[in-house]
Amino acid sequence: MASVWKRLSCDGDVLNLGITLVCGQAFRWKKLNNEEWCGVLSGKVWTFKQSSDGIYYKVNSRLSEVESTTQNESILNDYFQLNIDLHHLYDHWSSRDDNFKQVAATISGFRLLRQDPVENLFSFICSSNNNIERISSMVEALCVKYGGIITEVNGVVYHDFPSIATLAEPQVEQELRELKFGYRAKFIHETAKILMKKCNKDWLISLREVPYEEAHAALCELPGVGAKVADCVCLMSLDKTDAIPVDTHVWQISCRDYNIPDLKKSKSLTNKAYKAIGDHFRQLFGKYAGWANSVLFSGDLKKFQDSKVNYIQVSLI
DNA sequence: TCTTCACCTTGGAC
DNA sequence: AGTCCAAGGTGAA
Ligand SMILES: [Mg+2]
């Protein structure tokens, strides 16, 4: 379990950890310092370091577990989707959209993570009408309350994300209410119970094998899951690379910066407008439109606004 | 098909 | 101190 730094065979310019891990697609990566992040993936605790000469990682597993470098690198290749040629995609998206070209200059190496659908789904059920900081603390609370202990690293105990079965237990809704989950407590409990009733125990992950529209519709059946959350899950854990989650921000910017047919007519984000925005970006960016869209709008996150301001201030000194 | 409203909680703005 | 509002929406009328 003692762990040493190992080098990840991947150039730093095709994986920007600072943006990729804390842009709001996953909520459990903690920034340790300027170049290190720590969190849980696949039942292990990982620490990453992005230095000028490459990306390094350390692994801390359960005491019983035997470490395998081959297996660990396989986990990372899968999670960071390192087989996908990011330069090629950036070039393609830039050629299709000047706005993207501008934004991309400040956000290189952004990747969609290939997440676990269970954690991804319940995390985004927490996201409605909420902010990233509270979403993160709620996901953390779920893990501490209901997830198994993995191990301790530097005085911090790390937990797995809870199983569906655990979240479906009778007292969960009330307990989550007490943990200040608000109305999301019921959504989480109900969704867990529905998933438990499915004949296919791996129903969620099996949606990787069905077409985007079908997966999206199936997810929308779940309580607390609407078009936006369903698209987040499709994009971030079900391999639907052209799923476009449209939140209020994407909607507003789309109205302002893109000429999308009959979008400005509606006062609220209607189902029709939602579809029109998605279709527009899919038509513009192609098969990986969801990735392009994520790059485009992650740059506007409040979290990165601050770092941009800092960057500008520093560069002016 | 579109609009309106309630919904938990928290933190910032007046 | 009290009120209002927005924050990765969803569901029901
Ligand atoms: Mg639903």
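Note that the structure is predicted; figures quoted are calculated from it, not measured. Naming: A, B, ... by sequence-line order, numbering from 1 per chain.
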Asks: Heavy atoms only, 4.0 Å cut-off, all strands: where does A:A227 land among base, sugar-phosphate and nothing?
Replies: sugar-phosphate
Asks: Using the P atom as the point on both nucleotides, what is the distance between B:dT10 and C:dG11, in whole Å?
Replies: 23 Å
Asks: Measure CG/A:L222 against C1'/C:dG11 and give the value in whole Å, please.
Replies: 14 Å
Asks: Using the P atom on both, measure B:dG11 against C:dT10 and round to a whole Å.
Replies: 24 Å
Asks: What integer distance in Å separates A:K186:NZ from B:dC8:C1'?
Replies: 14 Å
Asks: Round to a whole Å and report the spacing from OH of A:Y183 to P of C:dA7.
Replies: 13 Å
Asks: Kindly point out which of B:dT9, C:dG9, B:dC8 is positioned nearest to the side chain of A:T248?
Replies: C:dG9
Asks: For A:V246, report the nucleic acid contact type (base, sugar-phosphate, nothing); a contact means any heavy atom under 4.0 Å.
Replies: nothing
Asks: What distance, rounded to whole Å, do you find between the two P atoms, one in C:dC5 and one in B:dT4?
Replies: 16 Å
Asks: Can you classify the ring geometry of A:Y258 versus A:H280 as parallel (below 30°), tilted (30 to 60°) or perpendicular (above 60°)?
Replies: perpendicular
Asks: Among all residues two or more places apart in sequence or in another chain, which pass the side-chain hydrogen bond (donor to acceptor under 3.5 Å, both in side chains) test with A:D116?
Replies: none
Asks: For A:Y90 and A:F110, I'd like to know if the aromatic rings sit close, meaning centre-to-centre distance below 6.0 Å.
Replies: no
Asks: Output yes when A:K44 and A:E65 qualify as a salt bridge under the 4.0 Å nitrogen-oxygen rule, no when they do not.
Replies: yes
Asks: For A:S127 and for A:G224, locate the closest nucleotide of DNA chain C by heavy-atom distance; then report the residue assigned to the nucleotide nearer the 5' terminus.
Replies: A:S127
Asks: Which nucleotide, in any strand shown, forms a Watson-Crick or G-U wobble pair with B:dC8, with both distances under 3.5 Å?
Replies: none
Asks: Below 3.5 Å, does any donor atom in the side chain of A:R184 face an acceptor in the base of B:dC7, or the other way round?
Replies: no
Asks: What is the distance, to the nearest angstrom, from the CZ atom on A:F187 to the C1' atom on B:dT9?
Replies: 15 Å
Asks: Tell me, yes or no, whether the heavy-atom count around A:N200 atom CG, taken from other residues, nucleotides or ligands under 6.0 Å, exceeds 12.
Replies: yes
Asks: Over how many whole Å does the gap from A:N130 atom CG to B:dG11 atom C1' extend?
Replies: 12 Å
Asks: What's the CD-C1' distance between A:E178 and B:dT9, to the nearest Å?
Replies: 15 Å
Asks: Which whole number of Å gives the distance between the P atom of C:dC4 and that of B:dC5?
Replies: 16 Å
Asks: When only distance counts, do a donor and an acceptor, one from the side chain of A:R134 and one from the base of B:dT9, lie under 3.5 Å apart?
Replies: yes
Asks: If you compare all heavy atoms of A:I84 against all heavy atoms of A:R111, which two are closest, and at what distance to 0.1 Å?
Replies: O-NH2, 3.1 Å
Asks: Identify whether the distance between the nearest side-chain nitrogen and carboxylate oxygen of A:R62 and A:D160 falls below 4.0 Å.
Replies: yes
Asks: Please list residues of residues 250-282 of chain A whose heavy atoms come under 4.0 Å from any atom in DNA chain C, ordered by number; otherwise none.
Replies: none
